[in-house]
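Comments concern the structure below.
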Amino acid sequence: MRRTPVVVFLFFLLLSTIIVVTQSSTASSSLQSFFQRVFSFPRDFVVSLMPEQVSNSEIDSLRSENKALLSKKYDFEKLSSELESLRNQFRDSEDIASSLIPARVLGKIGDGRKPDVLIVDIPSGVAEGDTALLGNNLVGVVGMVGGSQARIITVNNPEFEAVVTTSDTGASGIVRGSGGSVALGEVAAQESLRRGDLVVTTGEAREDVLIPQDYVVGRISSVNDAPQAAFKTAEVESLIDFGNLSQVFLYTK
Amino acid sequence: MRKAVVVSLLILSLYIEVILLHFPLFLILSIISLLFFREIFMLMVVFLLSLILDSLMVNLFGITAIFIFGVMLLASMRVREVDLRSRVAVFFFLILVSVFYSMMVGYSHNFLIYLLIFLGYGVFEYLYRDEKLIGKKIIPWV
């Protein structure tokens with residue numbers, strides 16, 4: 001067998017380095033989109049085969065719940081129009097709904113129920129630092145965009161962090177992913193943390209990532225209240241069922 | 001025939017990594033394949049597949065190729081008195097590189113998986129070297 005000289009490996013290594021360096025170029029992005037379009041059919045096929053995992057009894061209960069919710073919808077719409085006019089009086093708010101883009105989940109990296117990373121397909125216009133939402137819950141932030149797909153750093157990822165406050169006691173702190181769970185930290189010792197409190201975003205920018213205000217990161221599942229410590233910490237559980245997550249909404253700035 | 005089997009295995013490992021198992025399977029198999037088939041054809045196939053993997057996993061585009069060819073470059077060199085071309089050295093590179101690669105691309109950090117995989121590779125190497133099972137009769141294509 002003919003042996004490959006070292007210079008050939010060196011050539012391929014240099015070529016790879018050039019590709020990495022020119023990551024953000026249009027040519028690189030087009031090549032990635034091409035590969036994603038042409039070679040993603042086995043994954044798309046597997047994703048399309050995934051069952052919804054909802055039993056008949058669950059469907060029946062969801063139908064009855066849906067009827068009850070429809071009757072409440074009228075009241076809610078009346079209240080929300082009043083709330084909207086009040087909100088407009090007190091502060092200028094962006095129409096977040098107009099900036100939401102649906103994105104299909106193609107893959108999950110890490111624990112299937114609490115993944116660190118989601119791979120989603122995206123239209124053009126999505127950039128690093130955009131926010132992924134589901135209902136009024138925060139899913140994560142867009143970490144990397146390549147071609148027509150993106151990586152979402154979920155709230156469970158150690159790279160994720162956001163400035164938050166608790167809904168009932170108003171204690172402010174910072175949440176960070178800790179590999180499968182979310183940790184709330186940097187809460188001043190004099191502030192109060194309660195199990196069951198919702199942790200919501202404050203809308204404060206951190207490391208060039210602006211997460212919109214009042215989105216739920218999770219619920220406090222346990223509080224670490226050491227008497228001598230300068231800060232309080234707590235464990236937070238996201239309310240999102242990542243195991244069955246098939247779509248998220250991207251909030252683009 | 002042998003190359004066709006290896007290329008098929010590489011494509012299979014790529015899709016296993018993308019769909020099922022987030023573990024640097026493609027990286028490991030590519031390096032092992034290139035150790036056995038140090039040919040331009042295989043280099044080009046591995047290079048192309050590594051770019052496809054990066055696209056589908058939305059990794060830094062080209063990062064997998066850097067790891068593969070970095071190891072291959074090191075494994076082709078003799079530095080002073082240390083022969084980096086030996087299989088022990090390559091085995092050591094494989095462990096280091098796959099763990100580091102997993103950290104870079106955000107894969108699982110369950111080191112038991114790495115231990116099992118490399119234990120398997122170690123057994124394969126032992127049997128291949130001594131032609132105890134693999135070689136001519138039981139797995140003739142290797």
Side-chain angles (χ1 to χ4, degrees), chain A residues 1-25 28-29 31-40 42-43 45-47 106-111 115-120 122 143-153 157-159 179, chain B residues 2-3 11-12 14-23 31 34-44 46-78 84-85 102-110:
Chain A
M1 192 185 297
R2 193 163 54 85
R3 308 288 282 187
T4 310
V6 171
V7 71
V8 179
F9 292 127
L10 197 62
F11 168 76
F12 276 99
L13 188 63
L14 280 173
L15 191 62
S16 314
T17 312
I18 291 167
I19 289 173
V20 168
V21 171
T22 57
Q23 164 86 17
S24 52
S25 68
S28 173
S29 184
L31 191 60
Q32 286 181 74
S33 294
F34 171 75
F35 284 146
Q36 285 161 357
R37 269 201 311 275
V38 175
F39 298 103
S40 68
R43 181 168 63 185
F45 178 68
V46 171
V47 169
L106 300 171
K108 296 163 192 170
I109 299 176
D111 181 359
D116 289 344
V117 174
L118 298 176
I119 295 172
V120 296
I122 51 159
M144 185 181 282
V145 176
S148 57
Q149 293 177 5
R151 274 186 168 220
I152 292 174
I153 306 293
N157 194 309
E159 287 175 34
Chain B
R2 288 178 182 182
K3 272 189 271 185
I11 294 170
L12 188 69
L14 186 151
Y15 280 110
I16 287 174
E17 188 169 332
V18 169
I19 299 167
L20 292 174
L21 184 71
H22 301 301
F23 176 82
I31 293 169
L34 289 178
L35 289 173
F36 286 100
F37 301 96
R38 295 187 184 208
E39 298 169 28
I40 300 289
F41 169 75
M42 279 304 286
L43 287 166
M44 287 171 75
V46 165
F47 181 69
L48 186 70
L49 290 177
S50 71
L51 292 183
I52 293 170
L53 176 74
D54 289 338
S55 300
L56 295 180
M57 292 302 290
V58 201
N59 293 333
L60 195 60
F61 197 47
I63 192 78
T64 308
I66 285 188
F67 273 88
I68 292 168
F69 294 110
V71 169
M72 289 313 297
L73 187 67
L74 281 173
S76 312
M77 289 158 67
R78 175 186 275 273
L84 297 176
R85 295 170 299 186
S102 297
M103 287 164 73
M104 283 281 291
V105 298
Y107 286 172
S108 163
H109 303 306
N110 189 344

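Keep in mind that this is a model prediction, so the values were computed, not measured. Protein chains get the first letters and strands the later ones, always in sequence-line order, with residue 1 at the start of each.
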Query raised in the report: Do L48(B) and F35(A) come within less than 4.5 Å of each other through their side chains, counting heavy atoms only?
Result: yes
Query raised in the report: Do you know which of S148(A), A150(A), S40(A), S33(A) has the most heavy-atom pairs under 4.5 Å to chain B?
Result: A150(A)
Query raised in the report: Does any heavy atom of chain A fall under 4.5 Å from the side chain of L14(B), the backbone, both, or neither of them?
Result: neither
Query raised in the report: Looking only at heavy atoms, which two atoms of S55(B) and Q32(A) are closest? And how far apart?
Result: OG-CA, 3.7 Å
Query raised in the report: At what distance, to the nearest 0.5 angstrom, does CG of L51(B) lie from OG of S28(A)?
Result: 9.0 Å
Query raised in the report: What is the ring orientation for F69(B) with F12(A), classed by angle as parallel under 30°, tilted 30 to 60°, or perpendicular over 60°?
Result: parallel
Query raised in the report: Taking all atoms of both residues into account, what is the closest heavy-atom pair of L56(B) and Q36(A), and its distance?
Result: CD2-CA, 4.0 Å
Report task. Over all heavy atoms of both residues, which pair between Q149(A) and V58(B) is shortest? Give the atoms and the distance, please. Result -> CB-CG2, 3.6 Å
Query raised in the report: Who wins among F39(A), F34(A), F11(A) for the most heavy-atom pairs under 4.5 Å with chain B?
Result: F39(A)
Report task. For each of I19(B), I66(B), V105(B), tally heavy-atom pairs with chain A at distances under 4.5 Å, and name the one with the top tally. Result -> I66(B)
Query raised in the report: If you measure from CZ on F9(A) to CG on L43(B), what distance do you get to the nearest 0.5 Å?
Result: 5.0 Å
Requested in this report: Return the minimal non-hydrogen interatomic distance between G62(B) and S16(A), and the atom names on each side.
Outcome: O-CB, 3.9 Å
Query raised in the report: Is a side-chain donor or acceptor of R151(A) paired with a backbone partner of M57(B) at a separation under 3.5 angstrom?
Result: yes
Query raised in the report: Which of the residues V20(A), L15(A), V21(A), T17(A) is involved in the greatest number of heavy-atom pairs with chain B at under 4.5 angstrom?
Result: V20(A)
Query raised in the report: Side-chain contact, heavy-atom cut-off 4.5 Å: F47(B) with I19(A)?
Result: yes
Query - Structural part of V38(A) lying under 4.5 Å from a heavy atom of chain B - result: neither
Report task. To the nearest 0.5 angstrom, please state how far the NE2 atom of H22(B) sits from the CD1 atom of I119(A). Result -> 6.5 Å
Report task. Against chain A, work out which of L34(B), V46(B), N59(B) has the most heavy-atom pairs shorter than 4.5 Å and name it. Result -> N59(B)
Report summary line: Cut-off 4.5 Å, heavy atoms of chain A, and the answer for F61(B) is both
Report task. Could you have a look at G107(A), P42(A), G146(A) and say which one has the most heavy-atom pairs with chain B under 4.5 angstrom? Result -> P42(A)
